[in-house]
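Below you'll find the structure, written out as structure tokens, and then a few comments.
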There are 2 protein chains.
Amino acid sequence: MALTREQLIDAAVGILSEFGLADLSMRRLARELDVQVGALYWHVKSKQELLVDVAAKLLDAVPRPTTPTPALAPLSIAALLRRLRSALIAVPDSAEVMQLAQSMRPESLDPMGWLLEFLQIAGVPQGDATYARHVLVNHLLGSIASHQEAVALSAGAEPDTVSTEWEESAFDYGVRVILQGLALEHPAVV
Amino acid sequence: MALTREQLIDAAVGILSEFGLADLSMRRLARELDVQVGALYWHVKSKQELLVDVAAKLLDAVPRPTTPTPALAPLSIAALLRRLRSALIAVPDSAEVMQLAQSMRPESLDPMGWLLEFLQIAGVPQGDATYARHVLVNHLLGSIASHQEAVALSAGAEPDTVSTEWEESAFDYGVRVILQGLALEHPAVV
DNA sequence: ACCTGAACACCGTTCAAGT
DNA sequence: ACCTGAACACCGTTCAAGT
């Protein structure tokens, strides 16, 4: 039967997860799906558009947390950020893909909406909440990006030279600093 | 006379500044310099290596601030970050290039060293200073990246749809939040 | 030492034409 | 509606051979 847009997205997620963005070409995708390149352009209008859908798909793995009380909101924020990190950290170049999606079609990234909501519940003033979210998201994607560049560079070297431990600490440290800077109680370590 | 590595880097900075990373190809560079593509590979071993030098060159515009006293260190940090932002904001895709350089050859980025130094002077504990720098640099590059993606997307639309004002506020807000989270006095607005 | 010419193995996108 | 075939205008990198 005919190729579907879903299959296209799934195949793209597969290549990205296994080989990274450099290998995620329209031609490779076509080969994998046993069609000619041109066929892909009947289902998506461009590679960029496809990548936005890939980004959204990656975040499907992150479930919406239950809406917290004001007192618990900082904890929920920290937990949500950790889940986002978990969902993306193992997918090469996911930070780059997310950044693209965020600027092209931010409304397709549900968890970012939740984040804003929780910040407001936590008591961050309306006007500041969007700024605050930016700071958190920059930290999230920045941490992931540097992890992934490090992994990419040490690909040839001995495996696991990249200290995941250090990076998790750095990530959590940053989240704590930012939440504290927002004058929210810094959440207890879980 | 013969082509030099310096000329190569300068030409690359020129193309990047005017047209962005998508147009910065080795072939385009060769055309601009009136040589064959292969010639470039006598001066640099790869495009990546060239980009690292481009990143370093972009930061040459940022002068080293005088070493601050502990009390003034937070102010110096904020000022340094603003200067870094100024140096990079108008150069398309500079955030991406910086990120690459940071993971490939961090020691070639002097200002990042100063930042660490100032954080220590400000009283951030030895062990935390590197984490703290990461948070600040993620914020810096993240802010620049989203600005530039926004600019790129609105390239076809009416010019200056991108609110630079909002973004500067968002940037400064983030710096304040982070410094405050580090338990440093947040610097007065200059 | 420095560069040319030419090749190798790729890209994203478009589009007439087929079924 | 969905896809093929083929083209257009590109990539980064390598390397024998030239000067």
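Numbered from 1 within each chain, the chains take letters A, B, ... in sequence-line order. Note that these values count all heavy atoms, side chains included, but never hydrogens, waters or copies made by symmetry.
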Worksheet item: What's the CG-C1' distance between A:L29 and C:dC10, to the nearest Å?
Response: 16 Å

Worksheet item: For A:A2, which contact category applies under a 4.0 Å heavy-atom criterion: base, sugar-phosphate, or nothing?
Response: sugar-phosphate

Fill in: Contacting residues from residues 3-26 of chain A, given that a heavy atom lies under 4.0 angstrom of DNA chain D
A:L3

Discussion item. Any non-hydrogen side-chain atom of B:L116 less than 4.5 Å from a side-chain atom of B:Q120?
Written reply: yes

Worksheet entry | Partner of B:L84 under side-chain contact (heavy atoms from CB on, under 4.5 Å), chosen from B:L140, B:L58, B:L136 | B:L140

Worksheet item: What distance, rounded to whole Å, do you find between the two P atoms, one in C:dA9 and one in D:dC10?
Response: 22 Å

Practice prompt. Take atom CZ of A:R28 and atom C1' of C:dC11, then tell me their distance rounded to the nearest Å.
Written response: 14 Å

Item to complete: Compare all side-chain heavy atoms of B:D60 with those of B:K57 and state whether any distance is below 4.5 angstrom.
Response: yes

Practice prompt. Would you please test B:T130 and B:L119 for side-chain contact (heavy atoms from CB on, under 4.5 Å) and show each step?
Written response: CA-CA 9 Å; B:T130 319; B:L119 281 165; over 6 Å; no

Discussion item. I need the residues from residues 45-52 of chain B with at least one non-hydrogen atom less than 4.0 Å from DNA chain D; give them sorted by number, or say none.
Written reply: B:S46, B:K47

Worksheet item: Below 4.0 angstrom from OP1 or OP2 of D:dC3, is there any side-chain N or O of A:Q36?
Response: no

Worksheet, complete the sentence: Read 5' to 3' with Watson-Crick or G-U pairs under 3.5 Å, [ ] for crossing pairs and | for partners on another strand, DNA chain D gives ||.|||||...|||||.||

Worksheet item: Nearest-Å distance, CG (A:L40) to P (D:dG5)?
Response: 14 Å

Discussion item. For a quick test of reading the model: is some side-chain N or O of A:Y41 closer than 4.0 Å to OP1 or OP2 of C:dT13?
Written reply: yes

Worksheet item: Does the pair B:H147 and B:L88 meet the rule for a side-chain contact (heavy atoms from CB on, under 4.5 Å), with working shown?
Response: CA-CA 11 Å; B:H147 168 83; B:L88 299 175; over 6 Å; no

Discussion item. What is the separation between atom CH2 on A:W42 and atom P on D:dT4, rounded to the nearest whole Å?
Written reply: 13 Å

Worksheet item: Quick one: B:R27 CZ to C:dC11 C1', roughly how many Å, whole number?
Response: 11 Å

Worksheet entry | A:L51 side, atom CG; A:K47 side, atom NZ - distance, nearest 0.5 Å | 6.0 Å

Item to complete: Looking only at side-chain atoms of A:A39, point me to the closest of C:dC3, D:dT13, D:dC3.
Response: D:dC3

Worksheet item: Any side-chain N or O of A:H43 under 4.0 Å from OP1/OP2 of D:dA1?
Response: no

Worksheet item: Listed by chain and number, what are the side-chain contact (heavy atoms from CB on, under 4.5 Å) partners of B:A170, not counting sequence neighbours?
Response: A:Y131, B:W166

Worksheet item: Residues in side-chain hydrogen bond (donor to acceptor under 3.5 Å, both in side chains) with B:R82, at least two apart?
Response: B:E168, B:D172

Worksheet, complete the sentence: Here the gap from A:W42 atom CH2 to A:L40 atom CG, rounded to the nearest 0.5 Å, amounts to 13.0 Å

Worksheet item: Is B:E117 salt-bridged to B:R133, going by a charged N under 4.0 Å from an acidic O?
Response: no

Worksheet, complete the sentence: With sequence neighbours left out, the residues meeting side-chain contact (heavy atoms from CB on, under 4.5 Å) with A:Q102 are A:L109, A:M112, A:V137, A:L141

Discussion item. Is there a side-chain contact between B:H43 and B:L50 in this structure, where contact means two heavy atoms from C-beta onward sitting under 4.5 Å apart?
Written reply: no

Worksheet item: Expressed as a whole number of Å, how far does the C1' atom of C:dC2 sit from that of D:dC15?
Response: 14 Å

